[in-house]
Student: 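The structure follows.
Just so we're on the same page: letters track the sequence lines, and every chain starts at 1. Source: prediction; values computed, not measured.
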There are 2 protein chains.
Amino acid sequence: MTDDARLEIARLEVSRHAARLFWEKGFDATSGNDIAAAAGISTRTVWRYFRSKEACVEPVLKVSELRFAVLLGEWPKTESIEQYLARSVTAFVSDEAFIRDSIAAVRILAILHREPALRSAWLMACHAAEMELRGVIADRAAQSAEDFEVRLCAASITAAMRLVDEEISAAVINDGVQVSSEEATARIISAIRGAATLPICDAVT
Amino acid sequence: MTDDARLEIARLEVSRHAARLFWEKGFDATSGNDIAAAAGISTRTVWRYFRSKEACVEPVLKVSELRFAVLLGEWPKTESIEQYLARSVTAFVSDEAFIRDSIAAVRILAILHREPALRSAWLMACHAAEMELRGVIADRAAQSAEDFEVRLCAASITAAMRLVDEEISAAVINDGVQVSSEEATARIISAIRGAATLPICDAVT
DNA sequence: AGACTATCTGTCACTTAGTGACAACGGATT
DNA sequence: AATCCGTTGTCACTAAGTGACAGATAGTCT
């Protein structure tokens, strides 16, 4: 494992504690010392890992978005998005750690309206996901990741996923609505189909 | 004028100084005291106006994006986007204050790659523009601003405008490329057409 | 005009976010 | 074992950001 990857994992682990504390006590009431104590590291290391307090949640938000991009990265060219997700989402949502991170992320998204600082972290996480998605779309569209069309498509799809994530999170946490993973997947697919500016949703030749 | 509007203007004025300082000295090398001194107000007032140092640039970034949304808000239903912008952009880009703010915004966008904190401010500004755009699109599509379709369209178009803005800014400032306002408009129109998920770009009935 | 009210601003003391410098630790290499 | 190299903790420090209060400002009522 590379040093970079190990650092990413360490950051993610601290990020989980930060997300929990922000959810339990609120962003303002949580200090860098609190996060350090919860994660069992020194405060200095918290600030070495993250450039600001809000950035402490970026990793958990990022993995939730990114794993979806990674999933799409393994999407065979011969399948439509419906076909592929129908069979792959099950395995996707049965990973314990992923579920825990997802719940943490959903909780953060549900309090975005009260915590502007966390929204900026969320938008940064979406931006990271967008960068990742460029490669996936470039591959599927058989174009360069630098092409404007590809970048536009990645941005649109990321925006669609962001909207769906925010909406479902607010509904589940704030309004107590139950949303099955099939329903969530269906809404994401529909949003992606609507937003995709390149013909990547169906099988490509 | 309402109190809110006066406060917005005061904030924008401070924001212009902050943007200039961030451009001239860099984000880290500019302190809250520097911004206060440049704007001729007390440091305390800076922190009353803005929740963080990066948020100090949000207003200048926001007006650049927002004025475009406002312009689109006056777009007659009988015209296509090309027809409308062809005749309205001229008046748009002849406003002195607007030009100055645009230059300030462009400079900030051009240094995003070095200053992650400023990117989060930029994304927040785009988010504000997206919220505004919802109303415009709802009107043109004769749907509610709360409809998912409308919100998705606003998000996609905002993402498109964000990409074009970043690209043009980096080209102009970092690579010294010359971009005429016609060219910039053409690229924005093309991106909006590509990204719009509702049929709003042509005349609507 | 003058008193009343509400909002805004500056001052100052304070807390917490975030950095710089250096020493200590641990794991890999020779 | 000696050494190298990246990571962490400690500690002192700077700068971001807040709370409390008092003076200034502006609109309103009589």
Student: Less than 4.5 Å apart, side chain to side chain, heavy atoms only: is that true for W122(B) and L118(B)?
Tutor: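 Heavy-atom side-chain distance check fails, nothing below 4.5 Å.
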Student: Rounded to the nearest 0.5 Å, how far apart are CD1 of I189(A) and CG of L85(A)?
Tutor: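 I189(A) atom CD1 to L85(A) atom CG measures 4.5 Å (nearest 0.5 Å).
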Student: Is there a donor-acceptor contact under 3.5 Å from the side chain of Y49(B) to the main chain of S15(B)?
Tutor: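 The answer is no, because no donor-acceptor pair under 3.5 Å joins these two groups.
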Student: To the nearest angstrom, how far is W47(B) atom CH2 from dG17(D) atom C1'?
Tutor: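 It works out to 7 Å between those atoms.
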Student: Under a 4.0 Å N-O cut-off, is there an ion pair linking R193(A) with E82(A)?
Tutor: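 Answer for the salt bridge query: yes.
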Student: May I have the distance from I35(B) (atom CD1) to dG10(C) (atom C1'), rounded to whole angstrom?
Tutor: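 So the CD1-C1' distance, I35(B) to dG10(C), works out to 18 Å.
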Student: Indicate yes or no: does E166(B) engage R162(B) in a salt bridge with an N to O separation below 4.0 Å.
Tutor: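 Salt bridge present between E166(B) and R162(B).
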Student: When you measure from the side chain of R151(B) to the backbone of E146(B), do you find a donor-acceptor pair of N or O atoms at a distance under 3.5 Å?
Tutor: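 It does hold such a pair.
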Student: Within this structure, what is the CD-to-C1' distance between E54(A) and dG17(D), rounded to whole angstrom?
Tutor: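 It is 12 Å, rounded to the nearest whole Å.
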Student: Just the rounded figure in Å: distance from P of dT18(D) to CZ of R48(B).
Tutor: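 Distance check: R48(B) CZ to dT18(D) P gives 11 Å.
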Student: F50(A) CZ to dA16(D) P: how many Å, rounded?
Tutor: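 Atom-to-atom, F50(A) to dA16(D), this comes out as 22 Å.
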Student: Within residues 19-31 of chain B, find the residues that approach DNA chain C with a heavy atom at under 4.0 Å, and present them sorted by residue number.
Tutor: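 Output list: empty, so none.
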Student: Remember a base hit wins even if backbone is also touched, and classify Y49(A) as base, sugar-phosphate or nothing at under 4.0 Å, heavy atoms.
Tutor: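 Sugar-phosphate, no base atom in range.
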Student: Report yes if some heavy atom in the side chain of F68(B) is under 4.5 Å from a heavy atom in the side chain of I192(B); otherwise report no.
Tutor: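 They are in side-chain contact.
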Student: Roughly, in whole Å, what's the span from NZ in K53(A) to C1' in dT18(D)?
Tutor: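 The distance from NZ of K53(A) to C1' of dT18(D) comes to 12 Å, rounded to the nearest Å.
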Student: Between E132(B) and K62(B), does any side-chain N to carboxylate O distance fall below 4.0 Å?
Tutor: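 Result for this pair is no, no salt bridge flagged.
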Student: Please examine the side chains of R107(A) and F22(A), heavy atoms only from C-beta on, and report whether any two atoms are closer than 4.5 Å.
Tutor: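 A side-chain contact under 4.5 Å is absent here.
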Student: Once you round it to whole Å, what is the distance between P of dC8(C) and CD of E8(B)?
Tutor: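 So the two atoms are 13 Å apart, to the nearest Å.
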Student: Do R6(A) side-chain and dG6(D) base share a donor-acceptor contact under 3.5 Å?
Tutor: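 Check fails, no donor-acceptor contact within cut-off.
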Student: Using atom CG of D4(A) as one end and atom P of dG6(D) as the other, report the distance to the nearest whole Å.
Tutor: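 Result: 12 Å.
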Student: Within residues 36-46 of chain B, which residues have any heavy atom lying less than 4.0 Å from an atom of DNA chain C?
Tutor: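 Contacts with DNA chain C under 4.0 Å: I41(B), S42(B), R44(B), T45(B).
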